[in-house]
Each structure stands twice: as structure tokens, then as C-alpha cells.
Participant: 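Got a structure for you, written out below as C-alpha cells; questions coming shortly.
We number each residue from 1, following the sequence as shown.
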Amino acid sequence: MADASLVMRDFVARFGQRQMAGPVLIMLILAMMVLPLPAFVLDLFFTFNIAISVIVMLVAMSVIKPLDFSVFPSVLLVTTLLRLSLNVASTRVVLLEGHTGPGAAGQVIEAFGHFLVGGNYTVGIVVFTILVVINFVVITKGAGRVAEVAARFTLDAMPGKQMAIDADLNAGLIAEDEARKRRATIAQEADFFGSMDGASKFVRGDAIAGILIMLINVIGGLIVGVLQHSMDFGAAAKTYTLLAIGDGLVAQIPALIISIAAGMVVTRVGDNEDVSQQFVSQLFRNPKLLYLTAAIVGLLGLIPGMPNFVFLLLASAIAAMAWQLEKRERVAVPEPIAVAPAAAPREAQEASWNDVTPLDVLGLEVGYRLIPLVDKSQDGELLRRIRGIRKKFAQEVGFLVSPVHIRDNLELKPNVYKILLKGVEIGQGEAFPGNLLAINPGRVAGQVPGTVTKDPAFGLQAVWIDPALREQAQAYGYTVVDASTVAATHLNHLILAHSAELLGRQETQALLDHLAKEMPKLVEEVVPKALSLGVVQKVLRNLLEEGVPLRDMRTIIETLADMAPRFQDSEVLTAQVRTALGRSIVQELYPGGAEMQVISLDPQLERLLMQAVGAGGDGAGIEPGLADTLVREAVAAAQHQEELGLPMVLLVPGNLRTLLSRFLRRSIPQLKVLAHAEVPENRVIKVTSIIGQRV
């Protein structure tokens with residue numbers, strides 16, 4: 001016996017009490033279906049059934065979000081199984097011991113059969129039928145329908161929610177872990193409402209089973225009482241009917257409570273307050289409406305023949321509640337304190353350096369309808385996105401840009417915003433809060449109604465649509481974003497395009513100071529011993545102008561340290577740094593070990609350009625006719641690369657790279673010019689187009 005006790009203790013310790021609770025409960029429920037139970041044990045289980053249903057309803061009222069009670073579908077199944085097993089156990093006791101009197105099946109069933117319906121089985125049948133109708137037709141059917149619709153809408157909204165998460169992740173507003181959690185939450189929502197849709201069928205089946213079990217108990221009781229125990233038909237009908245009704249009521253009342261809890265869970269809207277708080281805050285928050293309600297109820301109480309005292313009493317209570325609420329609101333909002341106007345200065349103050357306001361490096365001006373997007377008190381969505389843009393820029397480009405100074409501009413149109421760089425406008429767009437921008441990526445299956453416009457960042461065709469058309473637009477193939485995303489994407493695009501101008505001496509010094517925390521000797525060797533801060537800034541800006549990020553600052557500084565004793569010219573140093581960064585530059589254009597399919601120059605054209613470089617390094621020696629031909633053929637070659645889906649890359653000798661990069665940049669901004677020395681030795685090169693064959 002001691003060994004068995006030790007084994008059981010070791011088993012419980014290994015699996016834990018919480019893990020054992022579920023299997024033990026299921027085993028007890030199944031045991032009740034096959035083992036006879038005494039009346040006292042039945043009373044205990046019936047009371048437990050009522051208690052667990054009350055707990056479930058209170059938990060359903062206190063949760064903030066439906067997922068906070070994600071186990072609810074399983075709870076519905078277990079509680080339904082518990083009620084059915086109790087019905088089976090009580091039926092066995094009623095049929096075996098019912099002839100002994102109304103207390104044969106325990107005091108709980110006797111109380112529900114006698115005290116709740118007054119011992120009148122006709123009244124009991126009516127009450128039981130009403131409870132079943134309320135549970136089956138009204139509450140359970142409504143909750144099941146809400147769960148079904150919620151499951152369908154949740155599944156339909158999943159693609160849009162996933163795209164919104166991806167957009168926030170790409171904008172740097174959230175980290176990968178947060179994105180993973182949000183995706184898991186969306187999947188759980190769909191699973192939860194789908195499970196609730198199925199679990200509601202258990203409750204409906206339980207209501208039907210309750211009616212059938214009551215009829216079986218009545219008919220079976222009459223047969224057992226009259227034929228086996230020789231009872232009078234009237235006495236048998238009264239005894240067994242009251243026992244059956246008590247048994248049905250003691251099961252249907254917990255079932256009704258559970259159904260109400262299910263309805264509360266699936267009809268929850270909002271995730272800031274529980275149901276009780278929402279009732280109080282939304283029903284009883286307007287004293288004017290309460291005064292109006294009190295007046296209407298009071299007028300009804302004045303009608304002759306009406307219960308005047310009851311109506312007038314209730315009207316007085318509602319009016320008192322409204323008065324208290326209005327009084328609380330007056331206390332919460334203090335009266336404005338009159339402030340005496342400041343005395344005007346006797347004479348104007350002298351001008352000072354404080355009157356000189358420096359220009360903001362980055363600025364954003366918005367029309368008045370866009371103010372909520374950037375309002376700190378309202379936690380404007382655009383503010384959070386701008387913070388994410390700066391963080392993502394620092395991670396990808398390699399330095400921290402200046403903060404974006406935001407102000408409202410009443411001279412702008414209400415929905416217009418303007419982006420400034422050092423006081424000069426570099427971009428302008430239009431955004432409509434409350435609407436969505438459906439961007440046509442090039443291939444859409446249909447048109448959606450709305451205001452036709454263009455995406456301000458990339459110039460793509462787009463339409464401002466109503467939020468109700470989001471799913472239709474996404475089904476057609478549009479990319480749908482909100483107003484804050486439109487402005488944030490435009491700002492991000494312009495910051496990347498002007499990254500070289502954003503790197504001033506102050507940012508360069510901050511970047512070197514940050515690097516010096518890890519490599520102080522290396523930074524000290526370069527600045528100020530070998531190179532000035534201005535030369536280093538020019539090298540870094542040259543890299544940014546051609547889209548080379550500054551993430552690998554260690555390689556950049558080490559190269560400058562090696563080359564500074566021989567070269568001081570920023571252009572030569574930039575070429576040396578690009579050669580050192582060649583592997584990462586090529587990797588950015590051709591990920592992995594992909595074959596490099598590039599544009600090249602005709603040898604004769606190379607010789608002509610070499611002569612131009614010798615005549616003047618800035619390209620002034622290129623003849624106008626040769627320059628026109630070079631631009632025209634370069635544009636054609638770049639278009640050919642784009643049609644093939646390949647990067648626009650021109651591969652040239654090292655002493656021509658800087659010249660051609662600057663010369664062709666205005667005509668073909670996307671064209672990247674690489675030097676032969678920048679290509680790693682293990683890369684395979686394939687020429688797809690040759691510029692200058694007809695020169």
C-alpha cells in the first residue's frame with residue numbers, strides 16, 4: 001500500500017497538479033455516466049455545476065479581449081459533458097428510487113422541483129420550456145451566429161492585417177519578435193472564433209437533449225412507478241414529473257448562464273475595458289440623455305391608471321443619477337483662471353543672436369487636416385512612423401539623421417504636406433486621414449471607385465478609397481496603405497535619396513565618436529593625425545551619393561588609414577575605399593553567387609574617354625556629339641537591362657568610373673557604375689550590352 005502511495009505521489013509530482021486536473025475531471029464525468037451515485041454526491045456535483053457556470057460567466061464579463069479567455073470553447077465542451085453526465089446519473093437515481101418520494105434524487109433536485117415552481121408540475125413544465133426556448137432560440141442561436149460571422153470576417157481580414165504588420169516591420173516601427181507575436185495573435189483570433197462557432201453547437205445540442213431527457217424521465221417514471229412499484233397513476237405522474245422537472249431545471253439554469261457567457265465573449269467590441277466598465281461608461285455617461293429618460297418615465301407615471309408611485313420613484317432615481325454625473329463632470333473640469341495681461345514693455349528690446357533662428361535640417365509641414373497624424377497628445381500615427389524611419393535609416397545606411405521638425409502650415413491646403421531639407425522644399429504630397437490609398441503596382445484585375453491620384457513617393461497610379469473597399473482593392477491586386485503610411489513612405493524615400501546632403505560635419509563627428517568607443521586607436525590614427533574631418537566627410541558623402549551605405553565603417557577607416565600617407569585627395573581616397581568595399585557593393589547588387597550580367601563599353605569608346613579624362617578629369621574634354629551618343633546608348637542599354645529584370649550596372653576601367661558615374665547620374669539615376677577593381681575575383685561576369693559599338 002505504501003509503495004502504491006509513493007508511485008502515485010511520484011506520478012503527480014512528475015506531471016504536476018494542473019496537468020492532472022483535466023484528466024481527473026474527465027474521468028469523473030465519464031464515471032458518473034456508468035457508476036451509481038448516492039443522493040448526497042449528486043447534490044455535491046449539481047452545486048459544483050452551478051458554481052462553475054457562475055465562474056465562467058464572471059470571467060467572461062471581466063476579460064478585456066476574447067483571446068484572454070481562449071480556453072472558452074473547450075470549457076463549453078467540458079461543461080456540456082458535465083451536465084449530460086449529471087442528467088444520466090440523476091435519471092438512474094430517479095427511476096430506481098423515485099417511488100420513495102420527492103427527495104429520492106437529492107435535495108437540490110427536490111428544491112428545484114418544489115420550491116422554485118411551488119410543487120406544481122404544470123407550472124414546472126411551462127417554466128422549463130420557457131428556459132429552454134430562451135437558451136436555444138435566443139441566446140445560443142444568436143451567439144453562434146455572431147461567432148460564425150466573426151470567424152468569417154476574421155479570416156477575410158487576415159491578409160490585410162498581415163500586410164499591415166509587414167508594412168510596420170519594413171518601416172522599422174516594430175521588431176521581428178513583435179511582428180511574430182502579432183501574426184500569432186491574428187492566427188489565434190481566427191482559430192478562436194472558428195472554435196466558438198463549433199462549440200456553440202454543443203450548447204444547442206444540450207438544450208435539445210434537456211427536452212428529450214425530461215420526456216424520457218416522465219415516461220420512464222410512469223412505467224416504473226405504475227408497473228413495477230404498483231403506484232397510483234396520478235401519484236406516479238406527480239412524483240416523477242416533479243423529479244424530472246427539478247432535474248431539468250437544475251441542468252438548464254447553468255446551461256443558460258454558460259450561454260450568456262458565450263454571447264458576452266463573442267459580442268465583445270473594444271479591448272480597453274471589460275463588459276461592466278463598458279456598460280457604465282457608455283450607457284450612463286451623458287447626463288442630458290438621463291434627464292430626458294427621467295422626464296419620459298415621469299410623464300408615463302402621471303397617466304391615470306398607471307402605477308404612479310413606481311414610475312415617479314424610478315424617474316426620480318434616474319434624475320438624481322444624472323445630477324450626480326453632471327456635478328462630477330463640473331468638478332473634473334476646473335474653471336479657467338483669469339490671467340492678467342502682461343504689461344507691455346516700455347521699449348523694444350535690442351536685437352540679439354537669439355533672434356537668429358537656424359534652419360532645420362529636416363522639416364515637415366502639414367495642412368490642418370493632417371494635424372491629428374502628428375499630434376503628440378493624440379499619439380499621432382505619423383510621429384511613431386517617423387521615429388521608426390530614423391531608426392531603420394540608421395541601421396541600413398550607417399548614421400543617424402537629424403530629427404524631423406514638424407509644424408502646421410495654414411497656408412497649405414488642408415490635406416497637403418511638404419517635406420523640407422534645410423528650408424528648401426524637396427517633396428510635396430497629399431494625404432486623406434480616414435481614407436486608404438490603393439496603389440496600382442502595374443497589374444490589377446479591376447478598378448475601384450475613388451479619387452484618382454499618384455503615389456507621391458514613386459509616382460505610381462493610385463486611388464484614394466473608402467476603408468470599406470479595402471478587401472475589394474486587395475482582391476484586385478492593389479497595395480492598400482493608410483494616410484500616415486503614405487507620408488512616411490514619401491519621407492523615407494526622400495531621406496534615402498538625399499542621404500549625402502544629410503551627412504554634415506556634425507553627423508560625421510558623431511559617427512566617428514561612436515566608432516571610437518570600440519576602436520579608439522584606429523579613429524585617432526586617421527582623424528586628426530592623417531586626415532582632416534572635412535576630407536573624411538567628403539569621402540563618406542561620395543559613397544552615399546552612389547548608394548553605398550556606411551555600415552562597414554571599420555573597413556572604411558582602415559582603408560583611409562592605409563592610404564592617407566600617400567593620398568590626400570578625397571576622390572582618390574573614395575576610389576580606394578570603394579575597392580575595399582567591393583565585395584559588399586557587388587553583393588548588394590547581385591545577392592549570393594549570382595552571375596554578374598552587366599553593361600560594358602566598346603574598346604574604341606574607352607580610348608576616347610581616356611583622352612577626355614586626360615584633357616580634364618571632370619569630363620569637360622568630351623565632345624558634345626560623343627556625349628549625346630553616350631547618353632543615348634546608355635539609356636537604351638539600361639532599359640534593356642530593366643526589361644531583362646537585371647540590375648542596371650555599367651562595368652568600366654577604374655580611371656573612368658568617377659567620370660561616367662557623375663556624367664550619367666542625371667540621365668539614369670538608377671544606373672550603378674562599377675570599376676573592374678571593385679569586382680571580387682570569384683565573380684563570373686557576363687556582358688549583356690555594349691555601349692559605343694556604333695561610335
Side-chain angles (χ1 to χ4, degrees), residues 171-173 175 353-354 356-364 383-406 420-423 426 491-492 494-585 587-588:
L173 299 179
W353 283 107
N354 294 329
V356 179
T357 306
L359 287 175
D360 299 311
V361 178
L362 279 173
L364 175 65
L383 284 178
R384 294 193 292 110
R385 292 188 180 274
I386 290 175
R387 289 194 291 267
I389 287 172
R390 295 183 66 231
K391 182 176 181 180
K392 184 182 178 184
F393 181 90
Q395 294 171 345
E396 294 183 353
V397 180
F399 74 95
L400 185 64
V401 297
S402 301
V404 181
H405 189 83
I406 304 173
L420 308 174
L421 174 62
K422 298 177 183 177
I426 58 173
L491 177 63
N492 182 56
L494 292 176
I495 289 177
L496 289 173
H498 296 82
S499 58
E501 299 179 60
L502 294 171
L503 184 70
R505 274 179 166 77
Q506 183 175 348
E507 288 78 15
T508 304
Q509 186 62 59
L511 179 58
L512 293 176
D513 291 342
H514 176 71
L515 186 64
K517 295 177 182 178
E518 298 181 359
M519 294 168 280
K521 294 296 183 182
L522 178 60
V523 175
E524 184 181 350
E525 182 182 353
V526 177
V527 179
K529 288 184 178 181
L531 296 172
S532 66
L533 181 64
V535 173
V536 175
Q537 179 203 5
K538 289 179 182 177
V539 172
L540 298 181
R541 292 183 72 167
N542 289 341
L543 295 174
L544 291 172
E545 283 178 354
E546 300 196 46
V548 179
L550 308 180
R551 294 194 302 268
D552 191 4
M553 278 299 296
R554 178 169 184 167
T555 300
I556 295 173
I557 296 299
E558 286 180 347
T559 305
L560 292 177
D562 294 338
M563 296 300 166
R566 289 184 287 168
F567 308 107
Q568 291 289 313
D569 183 73
S570 61
E571 300 296 337
V572 177
L573 291 173
T574 301
Q576 297 296 327
V577 171
R578 284 184 59 93
T579 302
L581 296 174
R583 184 181 292 106
S584 61
I585 294 175
Q587 179 70 23
E588 194 79 21

Participant: Could you give me the CA-CA distance, side-chain angles and deciding distance for R566 and V572, then say whether side chain to side chain contact (heavy atoms under 4.5 Å, CB included) is met?
Facilitator: CA-CA 10 Å; R566 289 184 287 168; V572 177; over 6 Å; no
Participant: Can you tell me if Q537 uses its side chain to pair, donor with acceptor, with the backbone of L503 under 3.5 Å?
Facilitator: yes
Participant: More than 12 non-hydrogen atoms from neighbouring residues, nucleotides or ligands closer than 6.0 Å to CZ on R583, yes or no?
Facilitator: no
Participant: Are the side chains of I495 and L491 in contact, using a 4.5 Å heavy-atom criterion?
Facilitator: yes
Participant: Run the salt bridge (charged side-chain N to carboxylate O under 4.0 Å, His left out) test against E545 and tell me which residues pass, sequence neighbours left out.
Facilitator: R665
Participant: The criterion is salt bridge (charged side-chain N to carboxylate O under 4.0 Å, His left out); which residues satisfy it with R554, sequence neighbours excluded?
Facilitator: E558
Participant: If you draw a 6.0 Å radius around NE2 in H514, do more than 12 non-hydrogen atoms from other residues or ligands fall strictly inside?
Facilitator: no
Participant: Working to the nearest 0.5 angstrom, can you tell me the gap between E571 CD and L573 CG?
Facilitator: 9.5 Å
Participant: Should we say atom CD of Q506 is surrounded by more than 12 heavy atoms from elsewhere, each under 6.0 Å from it?
Facilitator: no
Participant: What distance do L362 atom CG and H405 atom NE2 have between them, rounded to the nearest 0.5 Å?
Facilitator: 12.0 Å
Participant: Please lay out, stage by stage, how I386 and I406 fare under the test side chain to side chain contact (heavy atoms under 4.5 Å, CB included).
Facilitator: CA-CA 10 Å; I386 290 175; I406 304 173; 3.7 Å; yes
Participant: State whether the side chain of D360 and the backbone N or O of G363 hold a donor-acceptor pair below 3.5 Å, judged by distance alone.
Facilitator: no
Participant: Before you tell me yes or no, could you show the steps for N542 and E546 under side chain to side chain donor-acceptor pair (under 3.5 Å), namely the whole-Å CA-CA distance, both residues' side-chain angles and the distance that decides it to 0.1 Å?
Facilitator: CA-CA 7 Å; N542 289 341; E546 300 196 46; over 6 Å; no
Participant: Taking atom types as modelled, is there a side-chain donor on S402 or E507 under 3.5 Å from an acceptor on the other?
Facilitator: yes
Participant: Using modelled atom types only, decide if a donor and an acceptor are shared between the side chain of R551 and the backbone of G398 within a distance under 3.5 Å.
Facilitator: no
